[in-house]
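In what follows, a single structure is set out as structure tokens and then discussed.
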Amino acid sequence: MRVLSLFDGISCGRAALERAGIAAEDYSAFEIDKYAIAVSRRNYPGIRHFGNVFEGDFKQFKNYDLLIGGSPCTYWSIAKRGRETEVGGEGWRLFMEYVRALRESGAEWFLYENNYSIHQQIKDAISCELGVQPIIINSALVSAQTRKRCYWTNIPNVTQPADKGIMLADIIDNAVAWTGKSYCLTANYGGATLKNTLERHQRTMVAEPVRIGDIGSSGQAHRVYSVHGKSIALSTGQGGQGSGTGLYKIDLPDGDYIIRKLYPVECERLQTLPDGYTDCVSNAQRYKCLGNGWTVDVIAHILQFLPNS
């Protein structure tokens with residue numbers, strides 16, 4: 001398969017292809033962050049890098065099999081004060097480069113991702129440009145992270161992934177194993193029942209992050225969460241004790257506890273990447289790259305529906 005990836009980041013798309021068992025004859029990527037490119041090259045030295053999307057000549061990728069990408073949600077995210085809620089801003093300009101790549105390359109299949117929190121008017125405009133409605137998938141189904149995202153794709157018959165039942169306490173270091181979770185469970189689809197999960201052990205429910213306190217202020221980077229559930233969504237936020245990951249009360253085997261942010265390797269696990277995937281750059285850049293990345297198992301699940309994959 002020949003793949004064109006825009007806003008490639010640390011090449012989570014390439015990792016997803018590998019996990020889905022899809023061979024990439026050619027994987028060509030557009031990315032400008034030097035740290036993300038360093039991670040990508042360390043893990044997949046065969047990737048061809050092309051730089052800035054605004055300078056891209058996408059006609060050279062004529063009739064590629066698959067176009068993937070998720071333009072930066074910085075301008076659209078609900079976390080941004082004064083975010084763009086209409087088309088025409090910088091966020092829309094970035095998205096339209098994806099549309100240009102789709103038109104110029106003539107790729108047979110496409111997959112575009114963005115944050116669930118973007119304004120409905122922008123979601124509708126994206127759907128109009130791409131000709132499909134988004135599929136909403138929460139990474140909590142395949143990982144220990146609550147990360148709700150919209151996926152626009154013409155890959156047919158994509159379903160929701162099965163709930164793997166992975167909790168934060170399952171992937172963090174120095175923690176007591178998960179023992180109870182009923183107090184923080186919420187249904188992830190209509191008709192799910194607590195009894196099915198607790199008594200029959202059917203994966204019908206996912207646990208939401210439970211906020212149990214604050215350190216310093218009530219700002220996002222100072223909120224403390226329980227590990228008995230999922231993590232909050234990773235972000236690229238800078239500053240604050242729990243910036244980018246949140247703070248968590250972690251029980252230790254000796255009965256004591258600590259409150260800390262997640263380690264970079266734990267964030268790799270939240271994105272279902274291999275341990276050490278990003279360890280060729282500084283920790284600060286690891287957090288940023290991972291916050292910008294995709295949950296690999298979600299993308300791999302979607303790609304498995306490619307015809308003849």
Side-chain angles (χ1 to χ4, degrees), residues 1-31 40 43-44 46-50 53 56-73 92 94-116 118 122-139 141-142 147-162 271-273 292-309:
M1 177 166 286
R2 295 177 300 167
V3 181
L4 174 59
S5 175
L6 268 61
F7 319 104
D8 185 62
I10 55 176
S11 299
C12 291
R14 180 65 183 83
L17 285 162
E18 184 175 68
R19 194 160 299 173
I22 300 172
E25 172 191 343
D26 176 31
Y27 188 98
S28 298
F30 281 79
E31 178 56 55
S40 174
N43 288 280
Y44 297 104
I47 290 177
R48 296 194 298 157
H49 289 271
F50 289 87
V53 295
D57 174 16
F58 302 124
K59 295 184 181 70
Q60 64 182 301
F61 308 105
K62 198 69 177 174
N63 297 321
Y64 264 46
D65 301 293
L66 175 66
L67 171 66
I68 61 176
S71 57
C73 66
W92 187 254
L94 287 161
F95 163 69
M96 287 304 294
E97 288 303 297
Y98 181 91
V99 174
R100 181 169 72 87
L102 182 60
R103 292 170 178 168
E104 291 184 3
S105 70
E108 181 176 7
W109 307 105
F110 67 84
L111 172 61
Y112 176 78
E113 174 269 355
N114 219 296
N115 201 314
Y116 176 77
I118 63 178
I122 292 175
K123 290 180 187 175
D124 291 343
I126 293 172
S127 298
C128 184
E129 287 289 342
L130 297 180
V132 295
Q133 292 297 314
I135 301 166
I136 300 167
I137 300 178
N138 193 334
S139 297
L141 292 171
V142 299
R147 192 179 187 87
K148 203 171 183 180
R149 292 294 185 267
C150 293
Y151 300 91
W152 285 263
T153 183
N154 65 342
I155 298 172
N157 305 316
V158 176
T159 63
Q160 291 290 310
Q271 294 289 49
T272 62
L273 284 162
N292 278 328
W294 281 345
T295 306
V296 171
D297 278 0
V298 172
I299 305 302
H301 171 78
I302 295 172
L303 295 178
Q304 287 174 349
F305 289 88
L306 279 165
N308 302 318
S309 65

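- Between the side chain of Ser105 and the backbone N or O of Asn63, no donor-acceptor pair lies under 3.5 Å.
- Side chains of Phe7 and Glu113 form no contact here, defined as non-hydrogen atoms less than 4.5 Å apart.
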Practice item. For the pair Phe305 and Thr153, evaluate side chain to side chain contact (heavy atoms under 4.5 Å, CB included) and give the outcome as yes or no after the intermediate values. Key: CA-CA 11 Å; Phe305 289 88; Thr153 183; over 6 Å; no
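- Residues Tyr44 and Leu17 fail the side-chain proximity criterion, which asks for heavy atoms closer than 4.5 Å.
- Side chain of His301 to backbone of Val158: no donor-acceptor contact under 3.5 angstrom is found.
- At least one side-chain heavy atom of Ser40 sits under 4.5 Å from a side-chain heavy atom of His49.
- Residues Lys123 and Cys150 are in side-chain contact: their nearest non-hydrogen atoms beyond the backbone lie under 4.5 Å apart.
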Exercise for review: Please lay out, stage by stage, how Ile137 and Val142 fare under the test side chain to side chain contact (heavy atoms under 4.5 Å, CB included).
Suggested key: CA-CA 10 Å; Ile137 300 178; Val142 299; over 6 Å; no
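- In this pair, Phe30 and Phe50 present their aromatic rings parallel. The plane angle is below 30°, not in the 30 to 60° band.
- The shortest non-hydrogen separation linking Arg103 to Glu129 is NH2-OE1, 3.0 Å.
- Between Ser127 and Trp152, the side chains place a donor N or O and an acceptor N or O closer than 3.5 Å (distance only, hydrogens not considered).
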Exercise for review: Go through Val298 and Arg149 one step at a time and tell me if the side chain to side chain contact (heavy atoms under 4.5 Å, CB included) criterion holds.
Suggested key: CA-CA 10 Å; Val298 172; Arg149 292 294 185 267; over 6 Å; no
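- Only one option out of Thr295, Asp297, Thr272 pairs with Ser139 in a side chain to side chain donor-acceptor pair (under 3.5 Å); it is Thr295.
- The two residues Glu97 and Val53 have their closest heavy-atom pair at OE1-O, 3.1 Å.
- The closest side-chain heavy-atom distance from Ile10 to Leu273 is below 4.5 Å.
- Side-chain atoms of Glu31 come within 3.5 Å of backbone N or O of Gly9 as a donor-acceptor pair.
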Review point. Taking it one step at a time, do Leu303 and Leu66 satisfy side chain to side chain contact (heavy atoms under 4.5 Å, CB included)?
Key: CA-CA 10 Å; Leu303 295 178; Leu66 175 66; 3.9 Å; yes
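- Leu6 has its side chain out of reach of Ser71: every pair of non-hydrogen atoms, C-beta onward, lies at least 4.5 Å apart.
- Taking CD1 of Ile155 as the reference point, atom CD1 of Ile135 lies at 8.5 Å (rounded to 0.5 Å).
- Residues Ile299 and Cys12 fail the side-chain proximity criterion, which asks for heavy atoms closer than 4.5 Å.
- Atom CG of residue Leu4 and atom OH of residue Tyr27 lie 9.0 Å apart, to the nearest 0.5 angstrom.
- We find the OG-CZ distance between Ser5 and Phe61 to be 10.5 Å, quoted to the nearest 0.5 Å.
- When all heavy atoms of Phe110 and Leu130 are compared, the closest pair comes out as CZ-O, 3.6 Å.
- Atom CD of residue Gln304 and atom CG of residue Asn157 lie 13.5 Å apart, to the nearest 0.5 angstrom.
- Looking at Tyr116 and Cys73, their side chains never come closer than 4.5 Å, going by heavy atoms from C-beta outward.
- Here the side chain of Glu104 pairs no donor or acceptor atom with the backbone of Gln60 at under 3.5 angstrom.
- Minimum interatomic distance between Gly293 and Gln271 (heavy atoms only, all atoms of both residues): O-NE2, 3.2 Å.
- Remark: of the listed residues Arg2, Arg48, Arg14, Arg48 is the sole one forming a salt bridge (Lys or Arg N to Asp or Glu O under 4.0 Å) with Asp26.
- The one candidate from Trp109, Tyr112, Tyr98 that meets the side-chain contact (heavy atoms from CB on, under 4.5 Å) condition with Leu67 is Tyr98.
- Ring geometry for Phe95 versus Trp92: interplanar angle of 30 to 60°, hence tilted.
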